[in-house]
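Take a look at the structure set out below.
All chains are named by letter (A, B, ...) in the order of the sequence lines, taking the proteins before the strands, and each is independently numbered beginning at 1. The figures that follow rest on heavy atoms only: side chains count, while hydrogens, waters and symmetry mates do not.
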2 protein chains.
Amino acid sequence: MPDDNRLLAESLYEQFSRIGKALASPKRLELLYMLGQGERSVEALAKATDSPVANISQHLQVLRRARLVETRRTGARIWYRLAGPAVSNLVVSLQAVAEQRLAEVGQIARTFLNDADALEPVDREELLRRVRDGSVTVLDVRPHTEYGEGRLPRALSVPLEELTARLAEVPRNREVVAYCRGPYCVLALKAVEILRANGYRALRLDLGVVEWRSRGWQLEI
Amino acid sequence: MPDDNRLLAESLYEQFSRIGKALASPKRLELLYMLGQGERSVEALAKATDSPVANISQHLQVLRRARLVETRRTGARIWYRLAGPAVSNLVVSLQAVAEQRLAEVGQIARTFLNDADALEPVDREELLRRVRDGSVTVLDVRPHTEYGEGRLPRALSVPLEELTARLAEVPRNREVVAYCRGPYCVLALKAVEILRANGYRALRLDLGVVEWRSRGWQLEI
DNA sequence: CTGCTATTCTTTAAATCAATTGAATATGGA
DNA sequence: TCCATATTCAATTGATTTAAAGAATAGCAG
């Protein structure tokens, strides 16, 4: 019976490690994070990660064998999506542990985002409260297609490239909060620069739809 | 600048994957889960996993390089512990995804636990409610040492081996809920058998201190 | 049926990883 | 100091994983 328990543990952890192994590659983690934003084709994922299609297809097979993603076919194109919100949560909590435990992550963020408190802005929870109760103007600066797949409640869609031309649409009397794809996305940082240069009170929200959803909050559309 | 973003993403996911790689081995997942129950020495972990000490030591080094565990020395002995509750949560949510997505896990649980609904008893949330409000007798059937490291609130310590001899200490008029190390631990199953054979109304709670803590609930001592 | 596109499969070589063994280190006690 | 204990280190082996590149497949348009 002790041997029996050993066998149980070994079979079980063997299975659990299938999920772990799927999370063991940087490319696959990036794919999972992207899929957390919405369904994508193999080609789109390959372009976004700047990798050969065959390579991305391989990684997607690995994720599919671990049942972390599912597929849907339309014509010759195959669309990948996360197998459920639990998968997205798992990736977010892995990233959270990495941020918490690995000093290197903060170092990289500071280097690339040129922002001392890029990862932990002074009062994120307070900011989130105001985003949720609608007392600030929320700006989604991602491309229109991503906005269409899901966005923070009441967010306005003004992609970064259009921001300068469409400033008139952004009310001047209220504080503006810009967000994009997540804590490591630079679009919102640049949007805040532009807004401030034009006299707005503007802040960056350092999370995206993936993190929003993983807090258990609803997205719009 | 697009190249810059690529470099940012690659550096970041490289770091994130350090955590993923640490989770990619069955042995390491088992070690993490055990450490979620409390601090352990290398020797104790080696015995519990029925592996050579050197092998376990190696795995622990890997976990330490990923900053998932920390150490403390007392004399010649080195004690390992999880680096924080977030690590324990990560392991629990990985197991949750595995249970949810991999049919094999349920299959293994049914085979070894001889219990059709071992993994998802009919009304776990209701049972938890009663455990939390104290309207049932909660029995911790793990060894005394583990009880001493942390237990569910108001739990009585009656290790499985002592149960038959100490039945008199368990009130007959109230329903009894037994728990042990987690959903895949057989101690509580056997305790329930013994209790029922002796006329008790007894149920198994299919979670342990690790899962309890990861729900954000307090442990005793 | 033919060509075209999107994706997957197969094969290769390089890299990494796991388990094992024996040696090395550190601590505490005789 | 010497010995016993607990842990780590180093080197070896075999197995797995990776990226890459070309061949193969599936669906669609003509």
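Between A:Arg181 and the options A:Gln37, A:Glu146, A:Glu211, a side-chain hydrogen bond (donor to acceptor under 3.5 Å, both in side chains) holds for only A:Glu146.
The residue among A:Thr74 and A:Asn55 whose nearest nucleotide of DNA chain D is located toward the 5' end is A:Asn55.
Distance CG (A:Asp50) to P (D:dA20): 10 Å, rounded to an integer number of Å. Regarding B:Trp79, its CH2 atom lies at a distance of 14 Å from the C1' atom of D:dT5, rounded to whole Å. At whole-Å resolution of the value, CZ in B:Arg65 and C1' in C:dC17 are 12 Å apart. Distance CD1 (B:Ile78) to P (C:dT27): 9 Å, rounded to an integer number of Å. Atom CZ in B:Arg72 sits about 16 Å away from atom P in D:dA6, given to the nearest Å. B:Leu63 has its CG atom 14 Å from the C1' atom of C:dA18, to the nearest Å. Protein atom CD of A:Glu43 is 12 Å distant from nucleotide atom P of C:dT8, rounded to whole Å. Spacing between atom NZ of A:Lys27 and atom C1' of D:dA20 amounts to 12 Å, rounded to whole angstrom units.
For A:His59, no side-chain nitrogen or oxygen approaches OP1 or OP2 of D:dT18 to under 4.0 Å. Proximity of A:Arg28 to the phosphate of D:dT18: a side-chain N or O atom is located under 4.0 Å from OP1 or OP2. Side-chain N/O atoms of A:Tyr80 include none lying less than 4.0 angstrom from OP1 or OP2 on C:dA6.
Note on B:Glu10 versus B:Arg6: salt bridge recorded, some NZ/NE/NH1/NH2 to OD/OE distance being below 4.0 Å. A salt bridge is absent between A:Glu193 and A:Arg204: the closest approach of a Lys/Arg side-chain nitrogen to an acidic carboxylate oxygen does not fall below 4.0 angstrom.
At a threshold of 4.0 angstrom between heavy atoms, the contacts of A:Arg64 with the nucleic acid are absent. Using a 4.0 Å heavy-atom criterion, one finds that A:Ser51 contacts no nucleic acid atom at all. Looking at heavy-atom distances under 4.0 Å, B:Gln61 makes contact with sugar-phosphate atoms alone, never a base.
The two residues A:Ser25 and B:Ser17 make their nearest non-hydrogen contact at C-CB, 3.9 Å.
Which of D:dA19, C:dT8, C:dA19 sits closest to the side chain of A:Ala54 comes down to C:dT8. Closest approach to the B:Lys21 side chain among C:dT7, C:dC17, D:dA26 is made by C:dC17 (side chain taken as heavy atoms from C-beta onward). Of the candidates D:dA6, C:dT8, D:dT8, the closest approach to any side-chain atom of A:Val53 belongs to C:dT8.
Donor-acceptor pairing under 3.5 Å, judged by distance alone, is absent between the side chain of A:Gln58 and the base of D:dT17.
By the 30° and 60° cut-offs, the orientation of the rings of A:Phe16 relative to B:Tyr184 is tilted.
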